[in-house]
Amino acid sequence: MSRHRNVRGMNYDDDYDGYDEVYGHSVEDDAYGVSPGTAEEFLYRRSYHEHHLGKYMDKIGEGEEEDEENTLADSKTYQKPKLNDVDEARLQSCLEGIRNVVGDGTPEHILIEAVLSSNFVMEKAIDAILNQEEASSKDSQHSKGASNHIDLPTRSHQRVPQVRANDLSMSKVTGDVTRMSFPATKKPVTGFYIADDDSGGERVATPPKVTSPTRRSSLPVPPMAGRLLGDSTDRLPKVASTSDLGAMGGSNSRPSSRPTSPSTGRRDSKVAKSSIDVAKEYAKRQSSGKELINLVVIGHVDAGKSTLMGHLLYLLGQVNQRQMHKYETESKKQGKASFAYAWVLDETGEERERGITMDVGLTRFETPNRIVTLLDAPGHKDFIPNMITGAAQADVAILVVNATNGEFESGFESGGQTREHALLVRSLGVTQLAVAVNKLDTVDWSKDRFKDITSKLRHFLKQVGFKEADVEYIPCSGLTGENLKEKATEPKLTQWYKGPCLVEQIDKLKPPERAIDRPFRLCVSDVFKGMGAGFSIAGKIESGSVQVGDKVQLIPVGETGTVKGVSIHDVDTRWACAGDHAALTVTGMDQNNVTIGCVLCTMEDPIKSCTRFRARVIMFNIDVPVTRGFPILLHYQTVSEPAIIRRLISTLHKSTGEILQKKPKCLTKQSNALIEIETTRPICLELYKDHKDLGRFMIRYAGSTIGAGVVTELK
């Protein structure tokens, strides 16, 4: 039985009765009130059209051919004048350069006539063409500025004679154009000069900018693809003078030292990057009165670090009142009204929802004598790796402790982060510390409570390695703002405390010496795509300096690129040096190959990378002895890399460094030893004796810090 309908005996009259009346109609004319004209235009009727495919194929391209023929009809019938080989080469070179400026819309015969009329001077020909196009766009043939441009001849099939240089009328016009295009001290340009040096080489002069007299716009003329032969020995004017290059590169930039042509007396076509004397610029910045300092805020979780610094930023004017009111309103809606100031630094939704800092917050503020880069480190033990990243970039630190009864003890005793954070920052090179005894208002500004806390901390910090002269204790309240920006006014506090407020203590912290004269090193902490070309690499510059135009290399990847932009705290600048947290816009690299932990350095002296190195380590309070093959997690700057202790070379004396035992079986707590470490992937390292900041690292195991070390030898 067939699946198809039996159409042989079908009566079409019954099934399709009245179908011819509506077949091919999309709507009923009477129901919708469509006029006959509208129906004829929009309604499709199959019987009114032809349906063979050839009818449509014949129409394809008809309109394009007509337009092309109309546009180029004159050029096709135009007879090109006969020229000698030299003039023909000059003509073709001028035509190529003119097309790069005016495009392909102008007929070729008009371009040829313009070149011949201007005696093969491309600048004059471009001016004439642009002026004629502007005049033709208006409905008047005699515009107000018609006397300032070259009148092109009408379309003709005769040979256009070459205009000679001594033609008085032509020289008058070209003189006017030249005076408006170039400085008055330079001679009019009548051609392109090719100078042959002793070695037989050739140099082609790069054409300068062309200025149209009527448009008053500067159009750059591209370099000629072929060599132009001219009969003039006049030199072209300089594209950029020494003063112009100095203005482009900054007030302290030096002129380019590129060789100049002995015959033309001008620089090479490629302008060298402006060189900035970073040492002088840095000395000028230091002499302005405010020195740069990197400050990290550490402490146990819920000690009030973000609230304390957020309130301080608000008092210093870094957060406007409208934004602060928004934080207060949103925090109240979530039932966390006391977290309003913490939201200044805790910007992510997860941090605000959980009420803890998870990543390092970066911001900037100023004191009377310091420009402070603030690093708000997380206090929770799960985010210690992020805290190490922030502490490795800091010069000084603020240790925040909670003065509430029971809270200080939970953070200071075994398992708390107060001890571990203080130990970490000291192991990473921080020597100056300000201890902020926060939430003292919860104990009614008790002097006894303050003394009890400071006595315990003083003894511990001395054991860690802090000098008493480098540690200062400040009572304060992050929620109420007492003793933050201005000295305390609370009567219960002023009775027994006469010391500085928190801002005054920050202002007294001394910045370390910056290694500006050393090779450039930037530890990558963030990679992101900006709005322009290339992408941005952010991080702290550990040594050296960088400026726009420098060639840089990424280690251990090995890729190279060019610095197209430099910004410090979202402020564009042309240079940055050691100590700055900068974002560099780089081109020439693959963004997918740039990862956090890489080091950006100079091409001449890149940092070394390796997978095995020797180091001198000191073990902290560890529960399990460290043996050969012990797995660890190595924290170095922004790197967190799994590693294995391959060899235990010897144990050393803490003070003298003399060898106590060779090839020990294990390392116990408080032991000092020389070991060999192997990582799974190459990492960038410097010897501690050469670069202290890039020669330190931390060792963690099972979620706790078990040791710290310095690099002594690279394999």
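Fair warning: this is a prediction, and the values are worked out from it, not measured in the lab.
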Under the 3.5 angstrom rule, does the side chain of [X] hit a backbone N or O of [Y] as a donor-acceptor pair?
{"X": "Ser671", "Y": "Thr668", "answer": "yes"}
{"X": "Ser640", "Y": "His635", "answer": "no"}
{"X": "Asp572", "Y": "Gly565", "answer": "no"}
{"X": "Glu351", "Y": "Asp359", "answer": "yes"}
{"X": "Glu542", "Y": "Ala515", "answer": "no"}
{"X": "His569", "Y": "Val571", "answer": "no"}
{"X": "Thr602", "Y": "Phe520", "answer": "no"}
{"X": "His653", "Y": "Glu658", "answer": "no"}
{"X": "Glu559", "Y": "Asp590", "answer": "yes"}
{"X": "Asp376", "Y": "Lys305", "answer": "no"}

Could you grab the distance from atom [atom1] of [X] to atom [atom2] of [Y], nearest 0.5 Å is fine?
{"X": "Leu362", "Y": "Glu347", "atom1": "CG", "atom2": "CD", "result": "10.0 Å"}
{"X": "Leu374", "Y": "Thr363", "atom1": "CG", "atom2": "OG1", "result": "6.5 Å"}
{"X": "Ile398", "Y": "Leu312", "atom1": "CD1", "atom2": "CG", "result": "7.5 Å"}
{"X": "Leu316", "Y": "His311", "atom1": "CG", "atom2": "NE2", "result": "10.0 Å"}
{"X": "Lys529", "Y": "Ser536", "atom1": "NZ", "atom2": "OG", "result": "8.0 Å"}
{"X": "Lys663", "Y": "Ile649", "atom1": "NZ", "atom2": "CD1", "result": "10.0 Å"}

Side chains of [X] and [Y] only: does a donor on one sit below 3.5 Å from an acceptor on the other?
{"X": "Arg700", "Y": "Thr705", "result": "yes"}
{"X": "Asn402", "Y": "His300", "result": "no"}
{"X": "Ser525", "Y": "His581", "result": "no"}
{"X": "Thr431", "Y": "Asp470", "result": "no"}

- Yes or no on side-chain contact (heavy atoms from CB on, under 4.5 Å) for Val546 and Leu522, after CA distance, side-chain angles and deciding distance? CA-CA 9 Å; Val546 65; Leu522 182 143; 5.9 Å; no
Identify the heavy atoms of [X] and [Y] that sit nearest to each other, and give their distance.
{"X": "Thr587", "Y": "Gly534", "answer": "CG2-CA, 3.8 Å"}
{"X": "Phe528", "Y": "Ala583", "answer": "CZ-CB, 4.3 Å"}
{"X": "Arg616", "Y": "Gly657", "answer": "NH2-CA, 3.7 Å"}
{"X": "Gln318", "Y": "Phe365", "answer": "CG-CB, 3.9 Å"}
{"X": "Val278", "Y": "Gln547", "answer": "CG2-NE2, 4.2 Å"}
{"X": "Val296", "Y": "Ala377", "answer": "CG2-CB, 4.0 Å"}

- Message: Test side-chain contact (heavy atoms from CB on, under 4.5 Å) on Ile371 and Arg364; report intermediate values, then the result.
- Response: CA-CA 7 Å; Ile371 299 175; Arg364 173 182 177 275; 3.5 Å; yes
Regarding [X] and [Y], does a basic nitrogen lie under 4.0 Å from an acidic carboxylate oxygen?
{"X": "Arg449", "Y": "Glu409", "result": "yes"}
{"X": "Glu686", "Y": "Arg521", "result": "yes"}
{"X": "Lys284", "Y": "Asp277", "result": "no"}

Taking the side chain as C-beta and beyond, is there a heavy-atom pair between [X] and [Y] under 4.5 Å?
{"X": "Met589", "Y": "Leu600", "value": "yes"}
{"X": "Leu667", "Y": "Phe630", "value": "no"}
{"X": "Gln670", "Y": "Met619", "value": "no"}
{"X": "Ile659", "Y": "Leu652", "value": "yes"}
{"X": "Leu308", "Y": "Tyr341", "value": "no"}
{"X": "Ile474", "Y": "Glu472", "value": "yes"}
{"X": "Pro500", "Y": "Gln505", "value": "yes"}
{"X": "Phe466", "Y": "Arg426", "value": "yes"}

- Message: For the residue pair Arg696 and Tyr688, would you count it as a cation-pi contact if the rule is NZ or CZ under 6.0 angstrom from the ring centre and within 45 degrees of the ring axis?
- Response: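 No, Arg696 does not lie over the aromatic ring of Tyr688.
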Is the count of non-hydrogen atoms from other residues, nucleotides or ligands lying under 6.0 Å from [X] atom [atom1] greater than 12?
{"X": "Lys290", "atom1": "NZ", "value": "yes"}
{"X": "Lys662", "atom1": "NZ", "value": "no"}
{"X": "Arg285", "atom1": "CZ", "value": "yes"}
{"X": "Glu513", "atom1": "CD", "value": "no"}

- Query: Would Ser543 and His691 satisfy side-chain contact (heavy atoms from CB on, under 4.5 Å), going step by step from the backbone distance to the final call?
  - Reply: CA-CA 9 Å; Ser543 64; His691 201 301; 3.3 Å; yes
- Any chance you could lay out the side-chain contact (heavy atoms from CB on, under 4.5 Å) test for Thr373 and Leu292, step after step, and finish with the verdict? CA-CA 8 Å; Thr373 300; Leu292 177 67; 3.7 Å; yes
- Query: Only one of Ile675, Ile645, Val617 forms a side-chain contact (heavy atoms from CB on, under 4.5 Å) with Val626, so which one is it?
  - Reply: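 That would be Ile645; it is the only one of Ile675, Ile645, Val617 passing the side-chain contact (heavy atoms from CB on, under 4.5 Å) with Val626.
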- With Lys669 as reference, evaluate Asn621, Asp623, Ile706 under the side-chain contact (heavy atoms from CB on, under 4.5 Å) test and give the passing residue.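 Exactly one candidate clears the test, Asn621.
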- Should the pair Phe460 and Phe412 be assigned to parallel (<30°), tilted (30 to 60°) or perpendicular (>60°) ring geometry?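 Perpendicular.
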- Could you check Lys540 against Asp395 for salt bridge (charged side-chain N to carboxylate O under 4.0 Å, His left out), going step by step and ending with a plain yes or no? CA-CA 12 Å; Lys540 181 191 175 186; Asp395 304 322; 3.7 Å; yes
